[in-house]
Participant: 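Submitted below is the structure of interest, expressed as structure tokens.
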There are 2 protein chains.
Amino acid sequence: MTVLPFTPPVLPDEAEDSPLRSVSTAVAVLDCFTDSPELGATKVAARLGIAKSTACRMLAALAAGGLLEKAGSGRYRLGLRLFEYGQLAVDRLLLREVAMPVLGELRETVRETVQLGVAVGTDVLYLERLETEGAGLRFRTDYHRNPAHSSSIGRVLAASDPSLTMAILERGLERRTPFTVVDPRRWRQTLVQTREQGYATCRDEYDQGWSSIAAPILTGASGRRRAVAAVSVVGSTSRVLGPRKPALVQGVRRAAERITVALERATS
Amino acid sequence: MTVLPFTPPVLPDEAEDSPLRSVSTAVAVLDCFTDSPELGATKVAARLGIAKSTACRMLAALAAGGLLEKAGSGRYRLGLRLFEYGQLAVDRLLLREVAMPVLGELRETVRETVQLGVAVGTDVLYLERLETEGAGLRFRTDYHRNPAHSSSIGRVLAASDPSLTMAILERGLERRTPFTVVDPRRWRQTLVQTREQGYATCRDEYDQGWSSIAAPILTGASGRRRAVAAVSVVGSTSRVLGPRKPALVQGVRRAAERITVALERATS
DNA sequence: GGGCATCGTTCCGGCTTCCGGAACGGCAGG
DNA sequence: CCTGCCGTTCCGGAAGCCGGAACGATGCCC
């Protein structure tokens, strides 16, 4: 039997400060499914450090609620009700609502994949991704979350949020490619540059050959403006950071600015 | 104070047979947010028939897990982690994976909004919706779930699943427009017709002025084929059920068939 | 094909932890 | 300023949960 690629017990770390232990455990059980598409009671129990019987009951209870689904022979997977809840959650986001049409136009203009992302912990969560329609090389689309330090959106968000910057540094700058900026000083320097320029770039740092440009969507009074989200254009490095770069930068910045204004108008 | 449009206590009905009461309650709390975007402890407690303190703890625990988020002044809303889980759930669906490219081509062909839906209880849940790109009237996009009886996808699914048919009839055929088929006999007749034709239509039954055509995605051995999902084209009634109807029917059927074949190939 | 290892599920006693009522603090409206 | 209303906290009683072990089923390997 091979060594499990699993991260050891997650539960003791994050469930310590919350009441309702069984609910916390249930959430931890759900978390197990972010890494593995299908899990059984034994593996869940092992990963969380709980009794097998407890894991079994948790799985059954979550399945009864539709958050999990039973996939033959006692294995479980994430349930469709989660998809439903997730859609509801994001539909109710004013940000996404006002951003959507602008993103659509941006894609038309730049003819590359465009993204809308926010910070979740030290990661970037992509709320929307409109893929390029061209037949060119497609960006891989099989993730919805990235470490923030190796993402242009993450850089834009961190540039205006000192606490996010600290959290990212504390977690550590994990190397993904030979080009990932892993030196804290150099990484901070990229934030300085981002603030000066008003946009961020990310060259080959997450997936070699792929780069992106991002600009911030701001909110708050003019004195205390902060980035709540960011728009980015992503594509092969030669297409994004080559001769078209100035045009893409302008497109991304304009789109972000338009969303910022639309947000202000909608919330006032 | 106005009469609440809330359905009275949901919890006693569905949490009776499951162990882990607090987990069941937590799921019921989540369910409250399908109707209302934001809720506080008092309203949740009233709706579920639990103590205010219990509701408060539930909300706090769910928020600690990221399933809910605190929206200033003690109100809560669905959290982004749900979006993440939901994306994972649907990304891992083989059905969606093989259907996506076909749906894209179908939209190109018919130049209308196309949908992919499955049955969840007596509703249709839309796993994917590609909106028409044209500048024409857009179908409203603010829902992800429909009563199955007034949907062409629901009709297709019910036509091949007697137990779904029964469940829908037991729940009752709610009238949504003057054209909604609410007579059980007539509704059953539409299923017969669906089986004969191999596709279903729905004219002005959910939103007046909007109609759809759906065809089934089948699975299982040739003897026991059953619809697991369906593809549909939706647009204004004149565009969908007018002169273009034969072309749209053919397009939808071909797409559904291609997905069926692709699914078989992928699972064998 | 048979035996074995593994896994999911069930049962039960001890006790952890959760529930409900009441009191506290903050907020908004009168 | 006062008065509801609401979210949160505290506490005792007890209900429901946890963990270990036994059961039944599944699937793998020989």
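Numbers restart at 1 for each chain; the letters A, B, ... are given by sequence-line order, proteins then strands.
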Participant: Quick one, A/V118 and A/L93 - any side-chain contact, counting heavy atoms below 4.5 Å?
Facilitator: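 Contact flag for A/V118/A/L93 side chains = no.
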
Participant: Taking only N and O in the side chain of A/S22, is any of them less than 4.0 Å away from OP1 or OP2 of D/dC17?
Facilitator: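 Negative; the distance criterion is not met.
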
Participant: Within this structure, what is the CG-to-C1' distance between B/L59 and D/dT8, rounded to whole angstrom?
Facilitator: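 From B/L59 CG to D/dT8 C1': 11 Å.
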
Participant: Write down the distance between CZ (A/R21) and P (D/dC18), rounded to a whole number of angstrom.
Facilitator: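 Result: 9 Å.
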
Participant: Side chains of A/S150 and A/R176: is there a donor and an acceptor less than 3.5 Å apart?
Facilitator: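 Short answer, no.
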
Participant: Could you pull out the closest heavy-atom pair between A/L59 and A/A41, with the gap in Å?
Facilitator: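 Taking every non-hydrogen atom into account, CD1-CA, 3.6 Å.
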
Participant: What contact category does A/R75 fall into here, base, sugar-phosphate, or nothing, at under 4.0 angstrom with non-hydrogen atoms?
Facilitator: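 A/R75: no heavy atom of the nucleic acid under 4.0 Å.
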
Participant: Toward the 5' end of DNA chain C, which comes first, A/C56 or B/T54, by nearest nucleotide?
Facilitator: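 Result of the comparison: A/C56.
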
Participant: Starting the side chain at C-beta, find the nucleotide from D/dA21, C/dC19, C/dG8 nearest to A/K52.
Facilitator: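 That would be C/dG8.
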
Participant: Using C1' atoms of five pairs at each end, report the bend of the helix from C/dG1-D/dC30 to C/dG30-D/dC1 rounded to 10 degrees.
Facilitator: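 Here the helix ends are tilted 50° relative to one another.
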
Participant: Using a 4.5 Å cut-off on heavy atoms from C-beta on, say whether the side chain of A/D91 contacts that of B/H144.
Facilitator: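 The answer is yes, as the side chains (C-beta and beyond) meet within the 4.5 Å cut-off.
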
Participant: Any salt bridge linking A/E264 with A/R258? Criterion: basic side-chain nitrogen under 4.0 Å from a carboxylate oxygen.
Facilitator: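 Between A/R258 and A/E264 there is no salt bridge, as every charged N stays at least 4.0 Å from the carboxylate O atoms.
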
Participant: Please determine if a side-chain N or O atom of B/K43 lies less than 4.0 Å away from the OP1 or OP2 oxygen of D/dC5.
Facilitator: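 Checking B/K43 against D/dC5: no side-chain N or O falls below 4.0 Å of OP1 or OP2.
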
Participant: Roughly, in whole Å, what's the span from CD1 in B/I50 to P in C/dC18?
Facilitator: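 For the pair B/I50 CD1 and C/dC18 P, the rounded distance is 14 Å.
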
Participant: Find the distance A/K70:NZ to C/dC7:P and express it as a whole number of Å.
Facilitator: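 From A/K70 NZ to C/dC7 P: 16 Å.
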
Participant: Looking only at N and O atoms, is any donor in the side chain of B/R57 or the base of D/dG7 less than 3.5 Å from an acceptor on the other one?
Facilitator: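 No such pair is found, so the answer is no.
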
Participant: Assess whether a salt bridge exists between B/R171 and B/D123, defined as any Lys/Arg side-chain N lying under 4.0 Å from an Asp/Glu carboxylate O.
Facilitator: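 B/D123 and B/R171: salt-bridged.
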
Participant: For the pair made of CG in A/L68 and C1' in C/dG8, what is the distance, rounded to whole Å?
Facilitator: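 Distance check: A/L68 CG to C/dG8 C1' gives 15 Å.
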
Participant: Counting any heavy atom closer than 4.0 Å, what does A/L20 reach on the DNA or RNA strands: base, sugar-phosphate only, or nothing?
Facilitator: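 If one applies the 4.0 Å heavy-atom cut-off, A/L20 turns out to touch the sugar-phosphate alone, with no base involved.
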
Participant: Under 4.0 Å from OP1 or OP2 of C/dT9: is there any side-chain N or O of A/Y76 that close?
Facilitator: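 For A/Y76, the contact criterion (side-chain N or O under 4.0 Å from OP1 or OP2 of C/dT9) is met.
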
Participant: Given C/dG21, D/dT8, D/dG19, identify the nucleotide with an atom nearest to the side chain of B/S53.
Facilitator: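 Nearest to the side-chain atoms of B/S53, counting from C-beta on, is C/dG21.
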
Participant: If you only use heavy atoms from C-beta on, which nucleotide in C/dT10, D/dC17, D/dC18 is closest to the side chain of A/M58?
Facilitator: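 Closest nucleotide to the A/M58 side chain: D/dC18.
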
Participant: Could you give the CG-to-C1' distance, from A/L62 to C/dT9, as a whole number of Å?
Facilitator: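 Going from CG in A/L62 over to C1' in C/dT9 covers 16 Å.
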
Participant: Run the ring-centre check on A/Y85 versus B/F83 and record whether the distance is less than 6.0 Å.
Facilitator: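 Centroid separation for A/Y85 and B/F83: 6.0 Å or greater.
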
Participant: B/L39 has an atom CG; how far is it from atom P of D/dT8, in whole Å?
Facilitator: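 From B/L39 CG to D/dT8 P: 13 Å.
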
